[in-house]
Amino acid sequence: MQIKGIRGFKDILPGEVEKWQLVESEARRIFGLFGFSEFRIPLLERTELFARSIGEATDIVGKEMYTFLDRDGDSLTLRPEATASIVRAYLEHGLNQKNPVGKYYFVGPMFRYERPQKGRYRQFHQIDAEVLGVQEAWADAEILVMLMRYLEALGIENLSLQINSLGCPQCRPPYKKEIQTFLQTRRNLLCEDCQRRLETNPLRIFDCKNEDCQAALTEAPEVLSFLCPECRNHFERVKTLLDDLRLSYAVNPRMVRGLDYYTRTAFEVVAGELGAQNAVSGGGRYDALAEEIGGPAVPGIGFAIGMERLIMLLPGKRSLARHPQIFLATLGDKARRRGFSLAQELRDNGIWAEVDYEEKSLKSQMRQADRMKTPLVLILGEEELKKNQVIIRNMATKVQEEIPLGEIIRIVENKSKQ
Ligand code: ATP
Ligand code: MG
């Protein structure tokens, strides 16, 4: 039987990959304007890193991680997200001592054992950005404007930026209790998962897709009315700075995030077009994360964009595929060998040239040039070779001209510019 790929793990083929290259290069360009440097982290980490940061009672750690024992019995996990690894590496290399403010981005695959469906895979990709070392609202406003400018630069429209504040270790526990008490009396309305969450992680119930669970929460108290004065000021400041930047947003007091480490600002970018999996990006502040993994106190804020969902939102069906600038159709062994070297001379001069490898007829070489969508074909036979001439054919106008062999690079360069 022919071996197939694994469910939830997608191949990205030429024709599609150009979109990936586009969103990556645009991220590098825009994030560069904000002073972010690229960070690369390993695929594997100790399981403990995610258990302690993301939280034992989250869906990610509870049921979505690819965890295994390696040969010496250490429990390792394929990274389900980037923030914990970046903070781990940042502390491990003492970057906090070298520079009080770290601005980093990351691009790469993540692994979560979820039910594969549209917009949800087991290997998916994220573009991630993090600001470490800044507690003040400047960082929140700046990373949000960077995220939205990036999405705009890709031509993605109809996005909604939703923000909320989740409070801090002082004000969140009383709120959590309040929600628990509120839902105790409505327990029988909740789905099985949420009945369990009621004990372990009641705020996650806000995130449940089940309509009955949402109905049970209709009159639930809102986190914003539980914020301590510091958290309230911080959130007000974030909103003021976003207003200064004229960045539109909506406060969504029912938005919680699926990771335990978030404190204060949390946000999501939602696209109606995406259907059920509508969050293209999510993120927030995580001022206690560094300490949770055993380091000093380092505040931070970041976002992750789901690249598969991002690419679904790219406008237009225009193909980004590249095409060769010229195809060399040759006839007879001498001309073939000359053409083969000539193609190399063209490439050495920065011109993408293609040749036929199968010694096919002129007719089928022309068909191949057509399939490759090259604008120019160079025709070289024994006759032309004797005269030191080649024929160059414009595939759109079908006009052919004879030109001196020695002029070929200059002429192709000029024609490619037109
Ligand atoms: P969701 O609510 O869709 O499960 P999440 O809260 O688990 O998302 P995060 O952990 O915040 O997502 O990850 C950030 C982004 O990564 C999401 O907004 C989404 O675009 C993308 N993402 C998360 N899980 C997947 C997945 N299994 N497949 C594809 N993209 C994903
Ligand atoms: Mg999820």
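Salt-bridge annotation for Glu308 and Lys19: absent, with no side-chain N of the basic residue lying under 4.0 Å from a carboxylate O of the acidic one. Taking 4.0 Å as the cut-off between side-chain N and carboxylate O, Arg410 and Glu413 do not count as a salt-bridged pair. Comment: Glu114 engages Arg120 in a salt bridge, judged by a side-chain N to carboxylate O separation of less than 4.0 angstrom. Between Glu130 and Lys103 there is no salt bridge, since no side-chain nitrogen of the basic residue lies less than 4.0 Å from a carboxylate oxygen of the acidic one. The residues Glu345 and Arg347 are annotated as not salt-bridged, no charged nitrogen and carboxylate oxygen being separated by less than 4.0 angstrom. Using a cutoff of 4.0 Å between basic side-chain nitrogens and carboxylate oxygens, Arg367 and Asp370 are not scored as salt-bridged. Taking the charged nitrogens against the carboxylate oxygens, Glu48 and Arg46 have no contact shorter than 4.0 Å, which rules out a salt bridge. Between Glu92 and Arg88, at least one side-chain N (NZ, or NE/NH1/NH2) sits under 4.0 Å from a carboxylate O, which counts as a salt bridge.
Annotation: Gln184, atom CD; neighbour count of heavy atoms from other residues, nucleotides and ligands within 6.0 Å is above 12. The local environment of CZ in Arg337 is sparse, with at most 12 non-hydrogen atoms from other residues, nucleotides or ligands closer than 6.0 Å. Other residues, nucleotides and ligands place no more than 12 heavy atoms under 6.0 Å from the CZ atom of Arg322. Annotation for Trp138: atom CH2 does not count as buried by contact number, only 12 or fewer foreign heavy atoms lying within 6.0 Å. Within a 6.0 Å sphere centred on CZ of Arg232, other residues, nucleotides and ligands contribute more than 12 heavy atoms. More than 12 heavy atoms of other shown residues, nucleotides or ligands fall within 6.0 angstrom of atom CD in Glu199.
No donor-acceptor pair under 3.5 Å is formed between the side chain of Glu26 and the backbone N or O of Tyr150. Formation of a donor-acceptor pair under 3.5 Å by the Asp11 side chain with backbone atoms of Leu13 is not found in this model. A donor-acceptor pair is defined here as one N or O able to donate and one able to accept, closer than 3.5 Å; no such pair exists between the side chain of Arg309 and the backbone of Asn278. Formation of a donor-acceptor pair under 3.5 Å by the Glu354 side chain with backbone atoms of Ala369 is not found in this model. Using a distance-only test at 3.5 Å, with no hydrogens or angles considered, a donor-acceptor pair links the side chain of Arg186 to the main chain of Phe182. Without hydrogens or angle criteria, Arg393 side chain to Gln400 main chain gives no donor-acceptor distance under 3.5 Å. At distances below 3.5 Å, not a single donor-acceptor pair connects side-chain atoms of Asn394 with backbone N or O atoms of Val399. A distance-only check finds no donor-acceptor pair linking the side chain of Gln126 to the backbone of Met307 [under 3.5 Å]. Gln180 places a side-chain N or O within 3.5 Å of a backbone atom of Leu198 that can act as its donor or acceptor partner. Between the Arg79 side chain and the Pro109 main chain, a donor and an acceptor come within less than 3.5 Å of each other.
Tyr261 and Tyr286 have perpendicular rings, their planes meeting at more than 60° on a 0 to 90° scale where under 30° would count as parallel.
Under the 6.0 Å distance and 45° angle rule, Arg122 counts as a cation-pi partner of Tyr113. Taking the ring axis of Phe50 as reference, the NZ or CZ atom of Arg52 does not stay both within 45° of it and closer than 6.0 Å to the ring centre.
With no hydrogens or angles considered, no side-chain donor-acceptor pair links Glu18 and Trp20 at under 3.5 Å. In this model, a donor atom of one side chain and an acceptor atom of the other lie less than 3.5 Å apart for Tyr105 and Arg28.
Of the residues listed (Val251, Asp140, Leu227), the one engaging Ser165 in a side chain to side chain contact (heavy atoms under 4.5 Å, CB included) is Leu227, and it is the only one.
Going from atom CG of Leu289 over to atom OG of Ser53 covers 5.5 Å, rounded to the nearest 0.5 Å. From Asp193, atom CG reaches atom CG of Asp59 across 7.0 Å, with rounding to the nearest 0.5 Å. To the nearest 0.5 Å, atoms OH (Tyr249) and CE (Met148) are separated by 13.0 Å. Distance check: Cys191 SG to Asp212 CG gives 8.5 Å after rounding to the nearest 0.5 Å.
In this structure, Phe106 has its ring center no closer than 6.0 Å to that of Phe39.
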CA sep, side-chain torsions, deciding dist, call: Phe235, Ile163, side chain to side chain contact (heavy atoms under 4.5 Å, CB included) = CA-CA 9 Å; Phe235 192 50; Ile163 63 171; 3.9 Å; yes

